[in-house]
Chemist: 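Before I ask anything, here is the structure I am working with.
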Amino acid sequence: MNKTSLALAITLATIANQAVAAGFIEDSKASLDLRNFYFNQDTRNQSAPSSREWGQGFILNVQSGFTEGTVGVGVDAIGLLGVRLDGGGRSGKAGIDRTPGALFPLDSDGNARHDYGKVGATAKARLSRTELRIGTLLPRLPVVTYNDGRLLPQLFQGGQITSQEVDGLTLTAGKLEHTKTRSSTDDISLRIAGAARPTGSPASTPLADSNAFYFAGGDYKLTKDLTAQYYYGNLEDFYRQHFLGLVHNWGLGGGNLKSDLRYFHSGSDGRNGSVAGRAQGYRSSGYWAAGDSKAGEVDNRTWSGLFTYGHSGHELSAGYQQVSGDSAFPFLNQGDGSTAYLITDRQIGKFLSAGERTWLVGYGYDFGKLGVPGLKASVVYLSGDNIDSAERDRKEWERDFRLDYTLQAGALKGLGLSWRNASFRSNAAADLDENRLIVSYNLPLL
């Protein structure tokens with residue numbers, strides 16, 4: 001039994017002895033999220049099958065209150081189930097025009113599973129305004145963010161402590177050990193894009209990975225409109241990363257201008273910092289000249305600024321991001337869907353290659369201002385160039401359109417409908433067109 005599992009078991013035993021305590025039951029909450037998801041991705045410039053799948057997701061969240069006393073304890077649980085409605089063909093079969101794998105894990109014969117599920121539990125303890133959580137985590141931090149872009153969300157396993165003892169200051173620290181990716185039920189270790197098998201090893205050899213991602217940092221409200229951020233992340237044997245951020249809101253011309261500034265500085269850690277370690281597979285993606293002894297070593301600086309002005313239902317945004325260094329931007333990436341805390345992480349692409357410069361513009365409108373509450377639309381365009389590559393003048397662009405409507409009244413009040421359409425084009429990768437249709441509903445149980 002690892003340390004995380006042991007701590008979880010001890011806390012659950014404590015809770016069992018205090019379950020009748022006031023607060024544990026009275027403050028409990030439970031809800032069931034229903035998510036019907038249709039996914040269609042079409043490859044335009046290659047003779048590759050499209051990906052089309054349809055499924056129904058169920059996400060059960062149960063959160064207890066805390067027991068009474070100086071130290072209150074509690075437990076949360078999450079249960080996830082995905083049911084296949086359309087499997088989308090069979091992966092690897094010759095002559096097929098569509099292949100599964102975007103929403104559901106695959107069986108050994110290449111077919112999407114009829115259903116899949118996963119569960120998690122989190123023990124928690126609270127002292128004053130400090131909370132400890134051990135078990136299943138869904139982090140939302142600049143150095144690690146769980147992915148929720150498909151039928152079921154990604155889950156992490158580890159421990160985290162969050163403190164708000166000082167007004168305006170939130171401190172967070174913890175360690176992650178494993179993850180269940182969004183389309184999988186297995187606990188797997190952590191790695192980055194570029195991780196490989198040891199030099200000369202057979203294809204059946206697992207990719208290099210790590211069971212330790214450490215993180216710490218905080219948000220401090222300098223004023224009611226200005227928040228400063230610093231976070232540190234360390235994936236053992238891969239990289240160390242520092243993040244600085246500033247978020248400012250400014251009332252301007254009857255509207256609001258939001259400025260979001262971000263800077264990441266990432267370098268190698270452990271085996272990634274040596275030629276021998278990189279030969280074992282502890283590598284990063286990026287571009288290096290032939291014979292460069294530093295090939296595969298994390299070396300990255302990424303900065304960006306996103307400015308958004310909202311007024312009378314209109315929202316106009318513009319931003320720029322620059323990636324410097326020999327490696328691509330490093331982040332936890334198990335190859336089955338992951339999220340990077342970048343202004344360019346969008347529906348299809350992430351625009352984080354070594355040397356890449358990206359600008360973006362966007363426009364959104366809330367039709368509530370025209371008497372149609374609950375209806376919103378937005379469009380974003382990104383263009384990236386200067387990507388370091390053996391191929392000259394490598395470029396890519398993406399256009400995302402999104403239309404959302406939430407029912408405001410009636411028996412199905414809160415029912416959400418979403419259409420997300422995206423096109424991605426590149427002179428060095430597959431051209432993709434993608435549609436997602438999502439129907440969602442939250443059903444309170446407690």
Side-chain angles (χ1 to χ4, degrees), residues 29-41 50-63 76-91 98-107 110-122 135-140 145-157 178-188 334-339 345-348 374 376 400 402-407 411-422 434-446:
K29 297 181 291 184
S31 64
L32 179 64
D33 288 328
L34 306 176
R35 180 182 296 176
N36 189 278
F37 201 117
Y38 172 77
F39 179 87
N40 185 328
Q41 187 178 84
S50 63
S51 178
R52 296 202 298 274
E53 290 181 89
W54 182 28
Q56 175 65 50
F58 302 87
I59 304 172
L60 175 65
N61 274 293
V62 180
Q63 300 175 328
D76 296 343
I78 186 170
L80 305 102
L81 174 65
V83 179
R84 190 185 82 185
L85 302 177
D86 184 354
R90 192 174 85 187
S91 180
R98 59 178 179 153
T99 183
L103 297 187
F104 292 89
L106 302 179
D107 283 326
N111 286 312
R113 293 185 190 176
H114 290 284
D115 56 68
Y116 76 112
K118 43 192 173 181
V119 296
T122 308
T136 298
L137 302 174
L138 287 83
R140 286 184 176 272
T145 300
Y146 80 96
N147 184 277
D148 194 19
R150 292 288 193 274
L151 188 64
L152 301 178
Q154 176 186 22
L155 305 178
F156 283 96
Q157 188 78 10
H178 299 92
T179 183
K180 286 183 173 71
T181 56
R182 63 191 186 188
S183 301
S184 175
T185 61
D186 299 330
D187 279 321
I188 64 172
Q334 286 66 51
D336 181 26
S338 50
T339 298
D345 188 333
R346 298 292 167 163
Q347 182 166 327
I348 298 178
K376 299 179 180 180
D400 296 347
R402 177 167 174 169
L403 184 65
D404 297 286
Y405 180 65
T406 302
L407 273 66
L412 293 178
K413 180 181 178 180
L415 180 73
L417 309 171
S418 182
W419 171 38
R420 305 174 190 182
N421 172 271
E434 184 179 289
N435 283 284
R436 304 179 189 180
L437 299 174
I438 305 167
V439 181
S440 58
Y441 186 71
N442 177 266
L443 180 64
L445 303 177
L446 285 178

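What you see below is based on every heavy atom in this structure, not just the backbone, and it leaves out hydrogens, waters and symmetry mates.
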Chemist: Would you please test Thr406 and Leu415 for side-chain contact (heavy atoms from CB on, under 4.5 Å) and show each step?
Modeler: CA-CA 6 Å; Thr406 302; Leu415 180 73; over 6 Å; no
Chemist: Would Arg140 and Asp148 count as a salt bridge (charged side-chain N to carboxylate O under 4.0 Å, His left out) if you check the C-alpha gap in whole Å, the side-chain angles of each, and the deciding distance to 0.1 Å?
Modeler: CA-CA 11 Å; Arg140 286 184 176 272; Asp148 194 19; 5.4 Å; no
Chemist: CG/Leu80 to OG1/Thr185 distance, rounded to the nearest 0.5 angstrom?
Modeler: 11.5 Å
Chemist: Take Asn36 and Trp54, measure what side-chain hydrogen bond (donor to acceptor under 3.5 Å, both in side chains) needs, and give me the verdict at the end.
Modeler: CA-CA 8 Å; Asn36 189 278; Trp54 182 28; 2.7 Å; yes
Chemist: Can you see which heavy atom on Tyr38 is nearest to which on Arg52, and at what distance?
Modeler: OH-CD, 3.6 Å
Chemist: Enter the distance from Arg436:CZ to Asn421:CG here, rounded to the nearest 0.5 Å.
Modeler: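 If we round to the nearest 0.5 Å, Arg436:CZ and Asn421:CG are 11.0 Å apart.
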Chemist: Taking atom OG of Ser183 and atom CZ of Arg113, what is their separation to the nearest 0.5 Å?
Modeler: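 The OG atom of Ser183 sits 10.5 Å away from the CZ atom of Arg113.
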Chemist: Can you tell me how far OG of Ser31 sits from CG of Leu60, rounded to the nearest 0.5 angstrom?
Modeler: 7.5 Å
Chemist: Could you pull out the closest heavy-atom pair between Tyr441 and Gly414, with the gap in Å?
Modeler: CD1-C, 4.1 Å
Chemist: For residues Arg182 and Leu152, report the shortest heavy-atom separation together with the two atoms involved.
Modeler: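 Reported closest heavy-atom pair: CB-O, 3.3 Å.
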Chemist: What I'd like to find out is whether the side chain of Leu155 reaches to under 4.5 Å of the side chain of Leu138, using heavy atoms alone.
Modeler: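 They are in side-chain contact.
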Chemist: Under the criterion salt bridge (charged side-chain N to carboxylate O under 4.0 Å, His left out), I'd like the reasoning laid out for Arg402 against Asp400: C-alpha separation, chi angles, the key distance, then a yes or no.
Modeler: CA-CA 7 Å; Arg402 177 167 174 169; Asp400 296 347; over 6 Å; no
Chemist: Starting at CH2 of Trp419, measure out to CD1 of Ile438 and round the result to the nearest 0.5 Å.
Modeler: 13.0 Å
Chemist: Is there side-chain contact between Leu443 and Leu445, with at least one heavy-atom pair below 4.5 Å?
Modeler: yes
Chemist: Decide yes or no for Asp404 and Leu417: does some side-chain heavy atom of the first lie under 4.5 Å from some side-chain heavy atom of the second?
Modeler: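 Answer no - side chains too far apart.
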Chemist: Looking at every heavy atom in both Thr181 and Lys118, which two are closest together, and how far apart are they?
Modeler: O-NZ, 2.6 Å
Chemist: I want to check something: taking the side chain as every heavy atom from C-beta on, are Leu151 and Phe39 in contact at a cut-off of under 4.5 Å?
Modeler: no
Chemist: Would a 4.5 Å heavy-atom cut-off, applied to side chains only, mark Ile59 and Leu32 as touching?
Modeler: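 Sidechains of Leu32 and Ile59: no contact.
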Chemist: Can you measure from CG (Leu103) to CZ (Arg84) and round to the nearest 0.5 angstrom?
Modeler: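 Interatomic distance, Leu103 CG to Arg84 CZ, rounded to 0.5 Å: 11.5 Å.
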Chemist: Taking atom types as modelled, find out whether Thr179 and Gln154 have a side-chain donor-acceptor pair closer than 3.5 angstrom.
Modeler: yes
Chemist: Taking the six-membered ring for Trp and the single ring otherwise, decide whether the centroids of Tyr146 and Phe156 are under 6.0 Å apart.
Modeler: no
Chemist: Donor-acceptor pair, distance only, cut-off 3.5 Å: does the side chain of Gln41 make one with the backbone of Ser51?
Modeler: no
Chemist: Would you say the side-chain atoms of Arg150 pair up with the backbone N or O of Phe37, donor to acceptor, closer than 3.5 Å?
Modeler: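 Not a single qualifying donor-acceptor pair exists.
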Chemist: Are the side chains of Leu34 and Gln56 in touch, meaning some heavy atoms are under 4.5 Å apart?
Modeler: yes
Chemist: Any side-chain donor-acceptor pair under 3.5 Å between Asn147 and Ser338?
Modeler: no
Chemist: Where the side chain of Thr136 meets the backbone of Gln157, is there a donor-acceptor pair that is under 3.5 Å apart?
Modeler: no
Chemist: Do Arg420 and Ser418 get their side chains close enough for a donor-acceptor pair, meaning under 3.5 Å?
Modeler: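 Their side chains do contain a donor-acceptor pair, which is all the 3.5 Å distance test asks for.
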Chemist: Decide, yes or no, whether a salt bridge links Asp187 with Lys180 under the criterion of side-chain N to carboxylate O below 4.0 Å.
Modeler: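 Yes, this pair counts.
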Chemist: Any side-chain heavy-atom pair from Asp76 and Val62 closer than 4.5 angstrom?
Modeler: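 The answer is no; the side chains never approach within 4.5 Å.
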Chemist: Start with the C-alpha gap between Asn442 and Asp33, add the side-chain angles, then the distance that decides, and say whether side-chain hydrogen bond (donor to acceptor under 3.5 Å, both in side chains) holds.
Modeler: CA-CA 4 Å; Asn442 177 266; Asp33 288 328; 2.4 Å; yes
Chemist: May I have the step-by-step check of side-chain hydrogen bond (donor to acceptor under 3.5 Å, both in side chains) for Asp336 and Ser184, ending in yes or no?
Modeler: CA-CA 8 Å; Asp336 181 26; Ser184 175; 5.3 Å; no
Chemist: Step by step, would you call Leu106 with Asn111 a side-chain contact (heavy atoms from CB on, under 4.5 Å)?
Modeler: CA-CA 5 Å; Leu106 302 179; Asn111 286 312; over 6 Å; no
Chemist: Give the intermediate values and the outcome of side-chain contact (heavy atoms from CB on, under 4.5 Å) for residues Asn40 and Glu434.
Modeler: CA-CA 6 Å; Asn40 185 328; Glu434 184 179 289; over 6 Å; no
Chemist: Which pair of heavy atoms, one from Leu407 and one from Leu412, lies closest together, and at what distance?
Modeler: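 Scanning both residues, the minimum pair turns out to be CB-O, 3.7 Å.
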